[in-house]
Number of protein chains: 2
Amino acid sequence: MVLVDPSDRAEKPAAVEPRERILSAAGREFAERGYESTTVRDICLAAGVNVAAVNYYFGDKQRLYIESVKHAHEQRAGQVPLPEWAAGTPPARKLQDFIANFLERMLGFGQPPWQVRLMMREVLHPTDACRELVEDYVRPRFELLVSILDELVDGQLSQTELRRVALSIIGQCFLYRAAGAVVGMLVPREELKSHHSLAPLADHVTSYALAALGKARPLVDTRQQTLHVREEASS
Amino acid sequence: MVLVDPSDRAEKPAAVEPRERILSAAGREFAERGYESTTVRDICLAAGVNVAAVNYYFGDKQRLYIESVKHAHEQRAGQVPLPEWAAGTPPARKLQDFIANFLERMLGFGQPPWQVRLMMREVLHPTDACRELVEDYVRPRFELLVSILDELVDGQLSQTELRRVALSIIGQCFLYRAAGAVVGMLVPREELKSHHSLAPLADHVTSYALAALGKARPLVDTRQQTLHVREEASS
DNA sequence: CGGGGAATCAAACACACGTTTGAATCAAGT
DNA sequence: ACTTGATTCAAACGTGTGTTTGATTCCCCG
């Protein structure tokens, strides 16, 4: 006979609703191992509840998964809100801020956020929870980026071109989150920190974009290069 | 248990060897559904062999998975080989070719090849088969790209900066393959073709990179801000 | 107190999975 | 024709899974 004293039941923060504990534990497990590989027994063990609790509170595993994706999404949305700027902020500055914010959100410096990893899974292998996630979470950011770019180039690019540039920027940030392990294998060990730190990355992506759009000097200063070009021309 | 060399057995003209059929079917199934969600029964059904065949030829499911990843890799490697250039080819042209080739390989226009999807899974959620894949398949391409960029900027960027630029280019291509479904939700229906066609994409990524590096005119022609002294009249 | 609905629990269920088995089939060698 | 060993097959095994069950405990209101 096991009598559970309410005071020693609290491995987690005390007095949190079981439903919440399950959602949180499920999010972590799903983010780590994926849907198929995580068992409801693992989730319940991590949450400190009986196996039957999942079905009691959520009906079945699938509905728990969808709920945990939404839960992660909501938590994360409040955690790193969209940046806001005073009127008259130069668009180049907005772009810089946006990229830093986006990277912050994706890579979650400081604490590795399982919420992002869970949503990333949803983006990479869409299930039913995906469309809703895109509309609520991805599209607003995407269109904010497009509008910043539009302002930056002063309406000189078509919407199609703007979206292409936006996707270029997102792709650069995306790679580090989605394929971080492979990136880690490609760059030398001692260089890894500089590839996974916020500031250098954000600077690179920003100046790369600004240079491509003609709003900053190219990464290579072409004026100092004339001599080399001449040498090369002989081959 | 000793296996007989297939070559000295009487050949069946119509059907391929069972081992090959299993590898092919397994690759397709794994690429589509992932490791956990794919059952050996499904694979054997698709391959037209008995369930026991997997264990007979490969030992267990895990080894079949690793073999099928290698198999896909080898097939794909021969299918879209690394481009080669005559000495003296301008690096900008090499970059263009590389990007087109890389996109061709990633997106596989025509029919989406399950081999790439399988390898993509390995990149996104690395297993034991990953490291080998990176060394044989990813790294050579990556270092080729870095060397092209190095030639392009004529040694004016550090290796770290070169790798950053290379990862920027790869990230842009990568996004369309890894998150194609989400990209499809973000751009208008009628624009989708232009975002998933080889030529426009390759042009965009290439000119984006060339402009950022100061080797081509920016995407936006800014009359007031930047004096554009460089005109790419060389050739 | 004590009755009753909500919550929790240990145990079991039903099923699908990877894997094994042992007999049947086949192809070649002698 | 018989032997031999590789291959194929239907059937079963053991295990881990999501889910259900029925009893038990908790908590609150009368």
Side-chain angles (χ1 to χ4, degrees), chain A residues 1-12 14-30 32-69 127-129, chain B residues 1-27 29-30 32-69 127-129:
Chain A
M1 178 71 68
V2 180
L3 282 184
V4 182
D5 182 1
S7 62
D8 77 359
R9 189 208 304 240
E11 294 182 358
K12 302 264 175 180
V16 184
E17 291 297 317
R19 205 189 131 92
E20 283 291 316
R21 290 210 311 272
I22 296 174
L23 274 178
S24 177
R28 268 179 260 266
E29 297 287 325
F30 284 139
E32 193 68 28
R33 288 185 257 288
Y35 181 79
E36 307 289 342
S37 299
T38 77
T39 73
V40 312
R41 281 177 172 82
D42 287 343
I43 293 172
C44 292
L45 184 68
V49 300
N50 188 270
V51 274
V54 157
N55 302 77
Y56 181 76
Y57 283 103
F58 298 94
D60 59 17
K61 183 187 179 185
Q62 179 136 280
R63 257 165 310 186
L64 168 60
Y65 175 75
I66 293 179
E67 287 301 314
S68 73
V69 171
T127 70
D128 296 338
Chain B
M1 206 173 289
V2 181
L3 298 185
V4 132
D5 180 9
S7 58
D8 66 0
R9 291 181 54 234
E11 66 274 30
K12 298 178 184 176
V16 199
E17 290 300 314
R19 204 188 134 91
E20 284 290 316
R21 291 209 310 274
I22 296 173
L23 274 178
S24 178
E29 297 286 326
F30 284 138
E32 193 68 27
R33 285 185 260 288
Y35 181 79
E36 306 290 343
S37 301
T38 301
T39 73
V40 313
R41 283 177 170 84
D42 286 343
I43 293 171
C44 292
L45 184 69
V49 300
N50 188 270
V51 274
V54 158
N55 302 79
Y56 181 75
Y57 283 104
F58 298 94
D60 57 17
K61 184 187 179 184
Q62 180 137 280
R63 255 164 313 183
L64 167 60
Y65 175 76
I66 293 179
E67 288 301 313
S68 72
V69 170
T127 70
D128 296 339

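Protein chains get the first letters and strands the later ones, always in sequence-line order, with residue 1 at the start of each.
In this view, A:E36 and B:S37 satisfy the side chain to side chain donor-acceptor pair (under 3.5 Å) rule, not counting sequence neighbours. Not counting sequence neighbours, the partners of B:Y35 by the ring pair (Phe, Tyr, Trp, His ring centres under 6.0 Å) test are B:F30, B:Y65. Considering only residues two or more places apart in sequence or on other chains, A:R19 meets the side chain to side chain donor-acceptor pair (under 3.5 Å) condition with none of them. Residues that satisfy the salt bridge (Lys or Arg N to Asp or Glu O under 4.0 Å) test with B:R41, not counting sequence neighbours, are absent from this structure.
Among the atoms of the strands shown, none is found under 4.0 Å from any heavy atom of B:F58.
Counting heavy atoms from C-beta outward, A:L64 and A:L23 have side chains that approach closer than 4.5 Å.
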### Task
Using a 4.0 Å heavy-atom cut-off, write out nucleotides 16-23 of chain D from 5' to 3' as B (base contacted by protein), S (sugar-phosphate only) or - (no contact).
-BBBBB--
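A straight line from OH of A:Y56 to C1' of C:dA10 spans 17 Å, rounded to a whole angstrom. One can place CD1 of A:I22 at 13 Å from C1' of C:dC9, the figure rounded to the nearest angstrom. Atoms CD (A:E17) and C1' (D:dC27) sit 13 Å apart, rounded to a whole Å. One atom, CG of B:L64, and another, P of C:dG18, lie 11 Å apart when rounded to the nearest Å.
Contacts classified as side-chain hydrogen bond (donor to acceptor under 3.5 Å, both in side chains) and involving residues 48-60 of chain A (residues at least two apart or in different chains) are given here: A:D60-A:R63.
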